[in-house]
Amino acid sequence: MLIRVSHPDDPRPGEIGSRESYERLRGRRALLGAAVGAAIAPLAASTASAFAATPTSAAPTGAAGAGDDPVSKLAAKPSPLSTMERPTSLEDVTGYNNFYEFGTDKSDPKRYAHSLRVRPWTVAIEGEVAKPGRFDVDDLRRIATLEERIYRLRCVEGWSMVIPWIGYSFSELMKRVQPTGAAKFVEFVTLADPRQMPGVRSSVLAWPYTEGLRIDEAAHPLTLLTFGLYDEVLPPQNGAPMRVVVPWKYGFKSAKSLVAIRFVERQPLTSWHRAAPQEYGFYANVNPEVDHPRWSQATERRIGEGGLFARRHPTRMFNGYGEQVASLYAGMDLRKEY
Ligand code: MTE
């Protein structure tokens with residue numbers, strides 16, 4: 001990543017969401033939780049039947065802007081996989097982003113992504129699966145009950161947030177499309193449309209932005225196919241209309257605005273690994289003991305906690321999810337295979 005180690009990207013005091021607005025938001029969330037129902041977006045009402053490959057063309061071609069998602073609110077049930085840590089303010093979650101397709105500054109995605117067209121939007125599911133096809137994102141959103149998963153996000157740049165995502169385990173999708181025995185990895189391919197995404201005209205990365213997981217990592221219940229955050233559909237800057245979130249890995253593994261999911265035999269070549277293999281490994285598990293070649297990974301700065309002068313938090317192995325995921329890496333030397 002084009003990382004400025006001195007953190008000039010820290011939010012300035014005026015940019016940090018006020019405590020009051022945060023509390024208001026939490027209050028609103030509690031109320032919403034009590035009132036979920038027919039008035040807001042459906043849970044997995046018509047699940048399996050809604051899930052059929054459609055002959056629609058490649059994503060997305062609609063004329064409307066990001067508001068073209070048919071719903072704004074999303075109902076979700078709480079999950080035991082959520083952390084009890086206090087979520088980062090909505091202002092910071094949606095105002096301090098990495099989405100290089102819209103520019104490399106943390107404020108660029110919010111500034112430029114609002115024009116991303118998110119409907120119609122289809123996602124191709126390809127490769128080693130019994131049921132490949134091109135699926136409408138609204139059908140994908142309905143295949144399983146949506147859950148709120150409050151996860152820590154640790155960026156490889158040394159900052160972190162706590163984000164209330166909405167989605168369901170990626171394994172639910174796997175159950176539907178049925179990967180074959182030959183599928184050893186999953187490749188995530190994201191939208192690269194220079195007409196909508198000014199950053200794609202630069203050569204900062206090889207586009208499209210791609211990421212990947214080993215098949216057992218993809219099948220882990222923590223791996224979240226994500227459609228929303230803070231009770232609402234994903235804002236464009238956070239990867240609308242659908243992204244993946246892998247909380248025990250550095251944030252760059254959590255690819256935004258997916259247009260294809262490929263089940264493949266060989267480890268895919270991912271964007272950041274291709275750009276700087278010695279700096280960004282395929283696994284990219286959060287690991288305070290393996291420094292980035294240019295800075296330490298031992299601590300992290302929690303966004304919203306006071307900019308440059310805030311106390312740094314110790315970074316935890318697997319971002320604190322070791323109990324759930326360490327067994328995936330039994331026998332691997334995580335210093336060498338990072
Ligand atoms: N996905 C795409 N398509 N393009 C990107 O530049 N940045 C990654 C990841 N997914 C990125 C992406 C990085 S480096 C991080 S830290 C997270 O998105 C940030 O997610 P957020 O902005 O929703 O917090």
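Bear in mind that the values here come from a model prediction, so they are computed numbers and not experimental data. Whatever order the structure lists them in is the order used to number ligands and atoms, beginning at 1.
Between Tyr96 and ligand 1, no pair of N/O atoms sits closer than 3.5 Å. Distances between N or O atoms of Trp165 and those of ligand 1 include no value under 3.5 Å.
Listed by number with element, the atoms of ligand 1 under 4.0 angstrom from any heavy atom of Phe99 are 2 (C), 3 (N), 4 (N), 5 (C), 6 (O). Which parts of ligand 1 touch Asn238 is read off a 4.0 Å heavy-atom cut-off, strictly below it: atoms 21 (P), 23 (O). Residue-ligand proximity, Thr190 to ligand 1, at heavy-atom distances under 4.0 Å covers atoms 3 (N). Close approach of ligand 1 to Tyr100 is summarised as follows: ligand atoms under 4.0 Å from at least one heavy atom of the residue are 5 (C), 6 (O).
Put simply, the side chain of Tyr168 never gets that close to the backbone of Leu173: no donor and acceptor are under 3.5 Å apart.
Scanning all protein heavy atoms for the shortest distance to atom 24 (O) of ligand 1 gives Leu153 CD2, 3.5 Å. Protein heavy atom nearest atom 3 (N) of ligand 1, with residue, atom name and distance: Glu101 OE2, 2.9 Å. Closest protein heavy atom to atom 7 (N) of ligand 1: Asn98 O, 3.3 Å. Tyr209 OH, 3.4 Å is the protein heavy atom nearest to atom 8 (C) of ligand 1. Among all protein heavy atoms, the one lying closest to atom 21 (P) of ligand 1 is Lys256 NZ, 3.4 Å.
Using a 4.0 Å heavy-atom cutoff, Ser254 is listed among the residues neighbouring ligand 1. In this structure, Arg243 is part of the shell of residues with a heavy atom less than 4.0 angstrom from ligand 1.
When the options Leu140, Asp138, Val137, Asp69 are evaluated for a side chain to side chain contact (heavy atoms under 4.5 Å, CB included) with Trp121, the one that passes is Val137. A ring-ring contact (aromatic ring centres under 6.0 Å, His included) with Phe188 is found for exactly one of Tyr209, Phe252, Phe170, Phe263, namely Phe170.
Nearest-heavy-atom check against atom 15 (C) of ligand 1 across Ala192, Ser257, Gly251 picks out Gly251. With Pro109, Cys155, Gly103 as candidates, the residue nearest to atom 16 (S) of ligand 1 on a non-hydrogen basis is Cys155.
One finds the CD atom of Gln196 at 16.0 Å from the OH atom of Tyr112 (value rounded to the nearest 0.5 Å).
The heavy-atom pair separating Ser257 from Ala240 by the smallest distance is OG-O, 2.7 Å. Pairing each heavy atom of Phe282 with each of His273, the nearest pair is N-ND1, 4.0 Å.
Hydrophobic clustering keeps Leu269 apart from Val259 (ILVMFWY residues linked when any side-chain heavy atoms are closer than 4.5 Å, directly or through intermediates).
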**Request:** Would you sort out whether Glu85 and Arg302 count as a salt bridge (Lys or Arg N to Asp or Glu O under 4.0 Å), showing the intermediate values?
**Result:** CA-CA 12 Å; Glu85 284 169 73; Arg302 186 60 58 84; 3.2 Å; yes
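Residues Thr315 and Gln297 have side chains that never bring a donor and an acceptor to within less than 3.5 angstrom of each other.
Trp248 is linked by a side chain to side chain donor-acceptor pair (under 3.5 Å) to Asn285, Tyr329, counting only residues two or more places apart in sequence or in another chain.
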